[in-house]
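Worksheet for the structure shown next.
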There are 2 protein chains.
Amino acid sequence: MARGGRERNGQTGARALDVAALAGVSTATVSRAFNAPEKVAPDIREKVLKAAAELGWMPHPAGAALASRRTWLAGVLIPTLDNDVFASQVGALQTRLSADGVTVLIGCSNYDADQAANQVRTMLARGVEALAVVGESHRPGLFETISGRGVPYVVTYSHRPGSPHPSVGFDNAAAFRRIARHLLDLGHRDFGLIHQPSIDNDRVVARIEGLRATLAEEGVALRPQHVREGPASIAFGRESLRSIVDAPGPRPTAVVCGNDALAIGALIEARALGIGVPDELSITGFDDVAMAEQTDPPLTTMRVDNAEIGRRAADYLLACLAGRQPPPPPPLESRLILRASTGVPARSAA
Amino acid sequence: MARGGRERNGQTGARALDVAALAGVSTATVSRAFNAPEKVAPDIREKVLKAAAELGWMPHPAGAALASRRTWLAGVLIPTLDNDVFASQVGALQTRLSADGVTVLIGCSNYDADQAANQVRTMLARGVEALAVVGESHRPGLFETISGRGVPYVVTYSHRPGSPHPSVGFDNAAAFRRIARHLLDLGHRDFGLIHQPSIDNDRVVARIEGLRATLAEEGVALRPQHVREGPASIAFGRESLRSIVDAPGPRPTAVVCGNDALAIGALIEARALGIGVPDELSITGFDDVAMAEQTDPPLTTMRVDNAEIGRRAADYLLACLAGRQPPPPPPLESRLILRASTGVPARSAA
DNA sequence: GCTCAGAATGTAAGCGCTTACATATCACTT
DNA sequence: AAGTGATATGTAAGCGCTTACATTCTGAGC
């Protein structure tokens with residue numbers, strides 16, 4: 001961006017000194033009237049506020065940041081804003097932080113580890129005092145860089161037991177164990193899996209692991225031809241379902257999907273292929289988006305309170321900034337929402 | 001948030017002076033090596049960069065902002081991040097601006113004019129140098145406040161002919177005129193309308209106006225009992241459709257919806273009620289979300305490139321910041337996507 | 001060999017604010 | 001009447017950086 005343009009950085013031109021003069025006090029009192037009102041006599045405070053209003057003055061943040069060594073800035077790193085899940089997390093985080101006067105800077109990695117590292121660097125250079133980061137699989141040294149600067153951080157959206165990082169989220173592996181258990185209990189023994197890209201995405205990896213582990217407990221494994229990895233879109237869900245039912249080997253009686261978009265796609269394709277859900281095929285999603293209860297049949301899925309993740313992350317970081325040493329936040333619970341897209345498989349029902 | 005906590009504001013402790021000493025140059029050269037590399041001899045630049053890396057130093061933004069009167073901050077005001085439409089707009093805006101070193105501050109109004117005004121105030125106090133604001137119906141004086149500070153701004157998501165503000169968006173009224181014309185051309189004469197809250201929302205008001213005006217050209221009016229205003233959710237779409245078909249008077253043969261969520265809800269309810277779409281009832285949406293082409297029947301809707309809005313807004317603001325006086329951006333085109341949820345009404349088809 | 005423009009670097013004065021410390025004031029004690 | 005502590009306000013020293021201006025150094029032109 002070229003230099004030049006406006007003078008005075010968007011301020012009206014007044015400075016603390018001008019306000020002080022107009023109010024007949026010192027700049028120290030002006031500063032206190034804004035930052036520690038209780039330390040200023042009410043009548044004087046009034047005078048200062050009036051003078052400031054008259055001049056259209058407010059403290060210049062750069063001057064304030066420089067003198068107080070506080071920026072009141074926090075950063076949040078997410079893969080993308082184009083996903084409800086992260087957008088609502090950020091929204092809630094921001095609402096909470098701004099109530100305490102902290103402004104949020106957003107960095108999007110677009111699911112790319114290098115971009116993620118860059119965004120974090122930029123936010124640190126901007127002077128963020130706290131950081132929320134989605135997931136923990138990042139460039140080595142990323143978290144060290146952050147804590148090296150003395151910046152508190154929290155990992156969001158995942159809560160892996162044994163993780164060295166404070167994290168706010170749910171146990172992705174456990175969530176998929178729960179789904180697997182539900183389907184196993186119904187009697188399913190042949191499974192398909194449609195999931196989003198797993199590279200640099202610890203949440204997805206944990207989910208797959210959770211599923212595999214629980215299936216293995218019953219001696220069941222996913223056949224490679226029944227596992228599909230690709231974009232988290234309805235279209236890919238459709239395409240994948242078709243490819244799975246067309247694949248050689250016994251047709252799965254249950255298809256587990258990495259999120260609701262994939263599951264909705266699978267549901268649509270099953271209907272298009274004339275495959276009865278749940279009679280011939282059970283399908284599960286993840287996230288419980290608004291559409292999930294409106295599909296036909298309604299989708300069995302896992303509900304996660306993303307806004308709550310944002311809120312808790314904000315609370316944790318605020319506690320850190322307040323100098324407290326908050327305990328690592330407890331995991332959130334994800335909840336299995338049983339709807340009509342899962343049922344007893346045809347073979348055992350027969 | 002309580003004060004206290006870390007010293008040195010997240011920096012490593014090194015300052016420009018230390019880097020200068022280590023590199024054997026003056027702080028001026030250090031500054032130039034970072035901000036105007038071409039003005040520094042290559043070997044010296046090299047030395048400075050190495051010294052900085054060694055000390056883990058980067059320019060402190062507050063000091064830089066104070067001295068240069070540039071914050072490299074821009075703000076964007078949106079109703080909520082919980083809506084794809086705005087989230088992708090912000091995402092694109094941010095991507096573009098950050099390529100030019102500008103960091104984006106996000107303010108959410110939650111569709112509340114007071115919160116909007118507050119967020120703008122906060123962002124101005126933070127020193128944003130440019131502002132993108134969704135819609136133009138805001139507290140009186142809001143735009144004056146912004147330009148009073150010499151901050152360039154742009155209104156996004158709407159492009160009302162005759163608006164005094166530079167704006168990047170499409171003509172909401174024209175878009176709904178287009179929809180109305182489409183349905184009129186098919187032969188519809190009885191219409192329903194399901195729309196989102198119109199208070200403080202010029203986009204919605206413009207759409208309704210566009211629809212009404214075009215219907216009026218054919219002597220057609222919306223009957224009050226066939227107009228429903230409420231939350232932009234699938235659930236409200238369902239509920240509204242039921243209420244519309246249950247209402248007294250001739251049942252509409254076409255229901256126009258304010259966005260795709262409402263339309264999808266209407267579609268689902270129509271199916272649940274056994275009303276054939278499009279044979280007995282045509283339904284239109286707005287936005288062309290991913291789900292729109294997957295519904296049964298696929299939804300006729302209006303496509304808007306929200307990311308493009310973000311990009312163009314960013315370009316416009318960057319041009320302003322560069323000191324150029326860019327021409328007001330031209331309106332974007334919204335495009336009617338004809339799918340199978342609209343058709344010739346039964347009566348005239350019969 | 002000397003001059004001089006132009007480039008590279010240094011010097012130092014702030015940018016606008018906060019805050020430690022000093023000072024003034026006041027209401028009580030003693 | 002002087003002393004005391006609490007409270008309110010002022011003084012002034014930076015916070016870390018940028019940049020106008022001054023200085024030094026080059027090599028081209030004569």
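Distance alone, capped at 3.5 Å, places no donor-acceptor pair between the A:Q89 side chain and the A:A307 backbone. Between the A:E136 side chain and the A:S163 main chain, no donor and acceptor come within less than 3.5 Å of each other. A donor-acceptor contact shorter than 3.5 Å links the side chain of A:D202 to the backbone of A:S137.
Nearest to the side chain of A:A41, among D:dT9, D:dG10, D:dT18, sits D:dT9. Which of C:dA12, C:dC17, C:dC15 sits closest to the side chain of A:A64 comes down to C:dC17.
The distance between atom CD of B:E46 and atom P of C:dT9, rounded to the nearest whole Å, is 13 Å. If you measure from atom CG of B:L17 to atom P of D:dC15, you get 10 Å, rounded to the nearest angstrom. Rounded to a whole Å, the CG atom of A:N35 is 7 Å from the P atom of C:dT19. Rounded to an integer number of Å, the gap from CZ of A:R45 to C1' of D:dT7 is 14 Å. Across the protein-nucleic acid pair, B:K39 atom NZ and D:dT24 atom C1' stand 18 Å apart, rounded to whole Å. One atom, CG of A:L66, and another, P of C:dT19, lie 12 Å apart when rounded to the nearest Å. The CZ atom of A:R15 sits 6 Å away from the P atom of C:dG16 (whole-angstrom rounding). One can place CZ of A:R32 at 6 Å from C1' of D:dT9, the figure rounded to the nearest angstrom.
When the side-chain nitrogen and oxygen atoms of A:S31 are compared with OP1 and OP2 of C:dC17, none of them lie within a distance under 4.0 Å. For the OP1/OP2 pair of C:dG10 and a distance below 4.0 Å, the side-chain nitrogens and oxygens of B:S26 include at least one atom meeting the criterion.
Among the protein residues, B:V40 comes within range of the sugar-phosphate backbone only, with heavy atoms under 4.0 Å from sugar or phosphate atoms but none that close to a base. No engagement by B:V30 is indicated, since no non-hydrogen atom pair under 4.0 Å with the nucleic acid exists.
Salt-bridge annotation for A:E308 and A:R312: present, with a side-chain N of the basic residue lying under 4.0 Å from a carboxylate O of the acidic one.
Between A:V120 and A:T145 there is no side-chain heavy-atom pair separated by less than 4.5 Å.
A residue-by-residue look at B:A28 and A:F34 shows that B:A28 has its nearest nucleotide of DNA chain C further toward the 5' end.
In terms of polar N and O atoms assigned as donor or acceptor, the side chain of A:R69 never comes within less than 3.5 Å of the base of D:dG16 in a complementary pairing.
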